[in-house]
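When reading the values below, keep in mind they use all heavy atoms of this one structure, side chains included, and skip hydrogens, waters and symmetry mates. Source: prediction; values computed, not measured.
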Amino acid sequence: MPRIASSEVVVPKSLSPEERGRLTDALYEVHRQIFDGVERESFAKYVVESKAEHTWINLHKNEEGEIVGYFALHIFDKQFGGVPTSVFRAEAGSLRAYRGANANTRFGLKMVLRYMLKNPGRRSFYLGSLVHPSSYSMFANYFGEVWPRRETQVPPELLAFMDELATEFGLETVDPANPLVRHVGWRTRETEMEREYWLHCDKPAARFFVEANPGYVEGHGLVTVVPITVANIANMIRSMGQRKLRQPIQATAALAQKTPIGARMLRPEVIRQLRRASLFAHFDEATLRELARRSEIVTIPGGKYVFHRGEASDEMYLLASGAVYVLAEGGEREKVVDELGSGSLFGEIAMLAGERRSASIRTATASMLVRIPRSALLPLMEANANLRQGVWQKFAERRFDDLVRGMDRYGHLGRKGRLSWVQRGEHRDLVPQETLSLEAGTHVFVLSGVLEVEHEGLWVTARGSMLLELEKPLRVRAQEATRLILLSRDAAPQTQRTAG
């Protein structure tokens with residue numbers, strides 16, 4: 001597992017021009033893998049060659065000594081209401097494989113506390129032009145006072161100060177009617193699935209950010225201010241302490257449930273987590289108790305793998321808290337294909353199909369999971385038609401999205417379009433040797449099993465997931481128990497049919 005092996009603080013003003021140039025090149029190389037839309041000169045102006053009175057850059061390196069992340073902190077001397085005021089700004093970026101360790105948060109807190117002790121009573125603010133919901137959510141979670149925020153007007157004097165500073169820092173207004181949304185140009189590189197996750201995230205802070213700055217996907221930033229006060233710093237320390245405390249408590253709970261007494265004590269919590277998932281929300285108490293009795297809580301720190309692609313397993317997971325990445329590949333070559341938040345189910349494809357894992361799962365933050373073994377779920381599925389249909393529907397959506405996403409002729413479809421198409425399909429279960437006649441123009445998604453297709457008088461065998469686009473009427477026959485989905489012809493994307 002990639003990790004940050006060391007961190008080093010650099011003061012750019014202490015370096016020669018040549019050294020600052022080499023530092024800029026190294027940091028910009030990392031930056032380009034995280035953001036796009038910013039040229040090297042602009043990056044250097046903000047990060048390394050800043051006009052701030054004070055600048056520190058915390059460099060994160062891996063075990064090979066390569067820079068894999070950075071956190072630049074600047075302090076500017078300003079006037080607010082005629083009072084000398086310090087304005088903190090920061091830029092940060094870490095390669096995905098090295099995120100989740102809170103290294104930047106700890107460094108920033110240390111530097112702010114050191115400054116406050118040296119300058120007691122001085123008015124101070126942090127000002128950022130945030131370009132992603134995750135950044136605003138972090139500030140909202142850590143601090144009690146953040147501007148702007150939901151259902152509260154920014155005080156006029158503070159709003160004017162924020163507007164003035166944003167303009168002074170060269171951030172152009174996007175809409176004159178909304179002075180807090182500025183053109184930054186730093187667009188976070190993220191997959192379609194990651195973007196869908198944040199656009200529909202149920203976290204209040206993330207929802208507010210998207211509503212206040214819907215153009216963040218185009219590089220627009222939301223000017224955000226955090227007053228650096230004793231109360232706000234105390235709230236941050238308390239929040240960090242609670243998160244730290246919660247992890248060992250959750251880990252202790254996970255260990256306790258392995259004992260008969262502990263398992264009984266924690267069963268109500270497992271039931272509560274199961275009920276949060278839409279799949280299990282409407283099940284009766286007896287069914288939930290039986291599922292909870294055979295499930296267990298698992299706690300995993302941020303940046304750790306739940307399982308790897310290719311591993312065999314017979315269990316699925318409910319994400320009780322935290323977030324995870326779905327990765328097409330692991331390690332340095334990982335590619336995020338989805339990001340899941342609390343309440344999500346995953347691992348059902350391998351469990352239902354009896355296959356090896358089709359993707360790796362890695363925690364984005366410290367996460368608590370409910371592990372549901374196949375031996376516990378399948379008997380309940382057999383006895384409960386709604387549960388069976390719900391699980392298979394989730395299975396179909398994941399598998400269909402994985403299959404169609406890589407097909408060029410469906411490149412115009414977004415994830416929402418792909419899921420809408422398969423969700424409107426008709427599920428059919430074929431018993432061995434059952435034959436089905438299909439009309440021309442039909443799209444057939446084979447979910448599992450072995451299907452024979454009649455072609456010019458011959459039966460051709462096809463195994464595993466596939467999408468058939470029929471140019472002419474055909475007959476198909478199940479060689480073994482097979483599940484398929486007949487996709488709506490009206491909802492089919494307008495593409496040239498190429499399979500017959």
Side-chain angles (χ1 to χ4, degrees), residues 190-202 217 277-279 316 326 328 335-341 343-353 355 358-359 385-430 436-451 453 462-476 478 481-500:
E190 57 185 357
T191 65
E192 178 188 359
M193 278 61 88
E194 288 178 286
R195 184 163 297 172
E196 286 288 321
Y197 169 80
W198 286 109
L199 288 175
H200 301 96
C201 184
D202 60 358
V217 296
S278 59
L279 187 61
M316 64 186 293
V326 183
K335 177 183 178 182
V336 174
V337 296
D338 206 348
E339 182 172 344
L340 308 177
S344 300
L345 291 166
F346 61 89
E348 73 281 5
I349 290 181
M351 187 198 74
L352 289 175
E355 300 173 350
S358 59
N386 289 334
L387 174 60
R388 183 169 61 252
Q389 181 61 27
V391 173
W392 275 107
Q393 181 65 39
K394 288 292 183 184
F395 174 84
E397 291 172 9
R398 280 290 165 78
R399 179 142 285 186
F400 186 76
D401 193 44
D402 288 344
L403 180 67
V404 174
R405 185 172 57 244
M407 294 183 174
D408 291 340
R409 56 186 174 278
Y410 299 123
H412 64 288
L413 285 178
R415 185 170 187 251
K416 185 177 180 180
R418 294 192 295 267
L419 294 183
S420 175
W421 191 21
V422 73
Q423 286 165 357
R424 286 189 278 173
E426 177 190 353
H427 287 246
R428 297 289 294 270
D429 292 318
L430 304 183
L436 186 64
S437 296
L438 301 172
E439 299 179 359
T442 302
H443 290 70
V444 183
F445 173 46
V446 183
L447 189 56
S448 64
V450 179
L451 197 67
V453 181
R463 183 183 300 273
S465 295
M466 58 184 167
L467 178 63
L468 302 176
E469 308 168 54
L470 308 184
E471 292 181 338
K472 57 186 178 182
L474 286 179
R475 286 195 305 160
V476 296
T482 300
R483 178 176 286 256
L484 51 81
I485 301 175
L486 304 181
L487 302 177
S488 169
R489 297 176 64 183
D490 294 335
Q494 298 302 308
T495 59
Q496 181 179 2
R497 297 186 179 94
T498 58

- Provide the closest heavy-atom pair for L484 versus V446 in the form atom of the first, atom of the second, distance. CB-CA, 4.1 Å
- Do the non-hydrogen side-chain atoms of L486 and V444 ever get within less than 4.5 Å of each other? yes
- Message: The criterion is side chain to side chain contact (heavy atoms under 4.5 Å, CB included); which residues satisfy it with Q393, sequence neighbours excluded?
- Response: Q389, E397, Q423, H427
- Would you say the side chain of V422 lies within less than 4.5 Å of the side chain of D401, judging by non-hydrogen atoms? no
- Who passes ring-ring contact (aromatic ring centres under 6.0 Å, His included) against F346, sequence neighbours left out? Y317
- Query: Is a side-chain donor or acceptor of T482 paired with a backbone partner of V450 at a separation under 3.5 angstrom?
  - Reply: yes
- For residues L467 and F400, determine if any side-chain heavy atom of one lies less than 4.5 Å from a side-chain heavy atom of the other. yes
- Message: Rounded at 0.5 Å granularity, tell me how far CD1 in I485 sits from CZ in R399.
- Response: 11.5 Å
- Min side-chain heavy-atom separation W392-D429 under 4.5 Å: no
- When rounded to the nearest 0.5 angstrom, what is the spacing between CG in L468 and CG in L474? 8.5 Å
- For the student: nearest non-hydrogen atoms of A440 and E471, plus distance: CB-O, 3.5 Å
- How far does CZ of F445 sit from CG of L487, to the nearest 0.5 angstrom? 8.0 Å
- Query: How far does OG1 of T442 sit from CD of E469, to the nearest 0.5 angstrom?
  - Reply: 11.5 Å
